[in-house]
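Atoms within each ligand, like the ligands themselves, are counted from 1 in listed order.
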Amino acid sequence: MPSIISVSNLSKIYGSGFKALNNINLDIERGEIFALLGPNGAGKTTLISIICGIANPSEGRVTVDGHDINRDYRAARSLIGLVPQELHTDAFESVWATVSFSRGLFGKPKNPDHIEKVLKDLSLWEKKDAKIVTLSGGMKRRVMIAKALSHEPQILFLDEPTAGVDVDLRKGMWEVVRTLRASGVTIILTTHYIDEAEEMADRVGVINKGEIILVEDKANLMQKLGQKQLKLHLQGRIDAIPTSLASYNLELSEGGCELTYNYDTKGERTGITSLLGDLRAAGIRFSDLDTVKSSLEDIFVSLVRTP
Ligand code: ATP
């Protein structure tokens with residue numbers, strides 16, 4: 001099936017002359033959760049704004065379900081729901097009124113059944129008559145999502161959906177996003193919280209300095225770039241690593257009581273068997289061991305680290 005969003009050779013130079021995006025090529029698959037990761041100023045919001053038709057590209061092309069975002073703006077835009085980073089909505093309107101109004105903005109006929117379903121899915125039904133101003137921050141965020149879903153979009157952009165919200169609320173948001181995906185909505189989220197991408201995404205894209213530096217299936221990415229660490233808790237303290245073990249590049253820590261060995265998960269041989277044999281030969285005994293897997297965060301940091 002063709003991608004639902006196709007971005008080709010996209011560049012953006014702001015009026016100031018700053019090149020915020022440089023030749024971006026990206027395809028979003030139908031029904032996936034795609035996490036776009038990047039440090040501050042990498043170009044995430046610029047990219048989303050162009051795909052949603054809010055900003056113009058300097059070069060390149062974006063199609064949404066085959067519709068060119070410039071030439072066929074209305075058709076393309078009607079397929080997209082956007083939840084921006086900042087919460088802005090009319091504080092003195094009721095939840096029901098504000099969400100219904102958003103639908104009207106897309107020229108869609110009234111559909112109370114759909115609005116009811118959206119509010120129920122987002123656990124806002126009990127609050128349908130409440131004024132926005134009386135809601136908690138988490139509820140306000142869910143109202144923003146309800147607004148974005150009011151016109152039945154096939155694609156939902158979430159720009160930093162859980163910035164500044166507490167742990168329980170974040171988990172609640174993740175549930176909401178999963179439910180949406182299960183209902184067939186394609187989701188693109190930007191996040192600074194890498195555990196969020198690790199938890200939710202099917203695929204991960206990393207953008208840095210206006211360039212997409214990697215797009216990968218999350219599981220593959222973690223397997224391909226992931227490192228594992230073997231930590232050995234020694235029976236006794238050692239002052240230095242014996243020269244016979246130099247080739248393993250071990251690290252000695254915890255006052256000489258712990259040895260750490262980094263190994264590649266994709267390597268055919270981890271080297272652990274020979275390490276353990278060489279440790280025994282060197283007279284180093286350990287009381288316990290454990291392994292630690294690198295997180296998406298470790299991978300991300302190593303990808304965007306400037307040399
Ligand atoms: P953050 O994670 O901080 O939200 P981001 O990845 O979303 O960052 P953008 O907001 O897309 O980044 O900004 C990309 C770059 O373009 C930044 O260096 C920013 O200063 C610059 N930029 C954004 N908007 C404009 C503008 N209107 N005029 C000039 N430069 C801009």
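Proximity to Ala42 (heavy-atom distance under 4.0 Å) selects the following atoms of ligand 1: 5 (P), 6 (O), 12 (O). Of all atoms in ligand 1, numbered sequentially from 1 with element shown, those under 4.0 Å from a heavy atom of Lys44 are 1 (P), 2 (O), 5 (P), 6 (O), 7 (O), 8 (O), 11 (O), 12 (O). Close contacts of ligand 1 with Ser16, meaning ligand atoms under 4.0 Å from a residue heavy atom, involve 29 (C). Heavy-atom contacts of Ala20 reach the following atoms of ligand 1: 16 (O) (cutoff under 4.0 Å).
With hydrogens and angles disregarded, no donor-acceptor distance shorter than 3.5 Å links the side chain of Thr98 to the backbone of Ser94. Lys218 places a side-chain N or O within donor-acceptor distance of the main-chain N or O of Glu198, the cut-off being under 3.5 Å.
Considering backbone and side-chain N/O of Phe18, none are found under 3.5 Å from N/O of ligand 1.
If you check the side chains of His233 and Asp288, you find no donor sitting under 3.5 Å from an acceptor. Of the N and O atoms on the side chains of Tyr248 and Asp278, at least one donor lies less than 3.5 Å from an acceptor on the other residue. Using modelled atom types, one finds no donor on one side chain facing an acceptor on the other under 3.5 Å when comparing Gln229 with Thr260.
Of the protein's non-hydrogen atoms, Gly41 N, 2.8 Å is the one closest to atom 8 (O) of ligand 1. Among all non-hydrogen protein atoms, the one lying nearest atom 30 (N) of ligand 1 is Tyr14 CD1, 3.3 Å.
Residues satisfying the salt bridge (charged side-chain N to carboxylate O under 4.0 Å, His left out) test with Arg77, not counting sequence neighbours, are none.
By the neighbour-count criterion of 12 heavy atoms within 6.0 Å, atom NZ of Lys171 is sparsely surrounded, having that number or fewer from other residues, nucleotides or ligands.
The option with the heavy atom closest to atom 7 (O) of ligand 1, from among Asn40, Leu36, Asp159, Thr45, is Thr45. Of the candidates Gly38, Gly43, Gly15, Gly43 brings a heavy atom nearest to atom 6 (O) of ligand 1. The option with the heavy atom closest to atom 13 (O) of ligand 1, from among Leu47, Thr46, Leu37, is Thr46.
Atom 19 (C) of ligand 1 lies below 4.0 Å from none of the non-hydrogen atoms of the protein.
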I'd like a table of donor-acceptor pairs (distance under 3.5 Å, sequence neighbours excluded) in which one partner is a side-chain atom from residues 123-138, with atom names and distances.
unit_1, atom_1, unit_2, atom_2, d
Thr134, OG1, Lys131, O, 2.6
Ser136, OG, Met139, N, 3.2

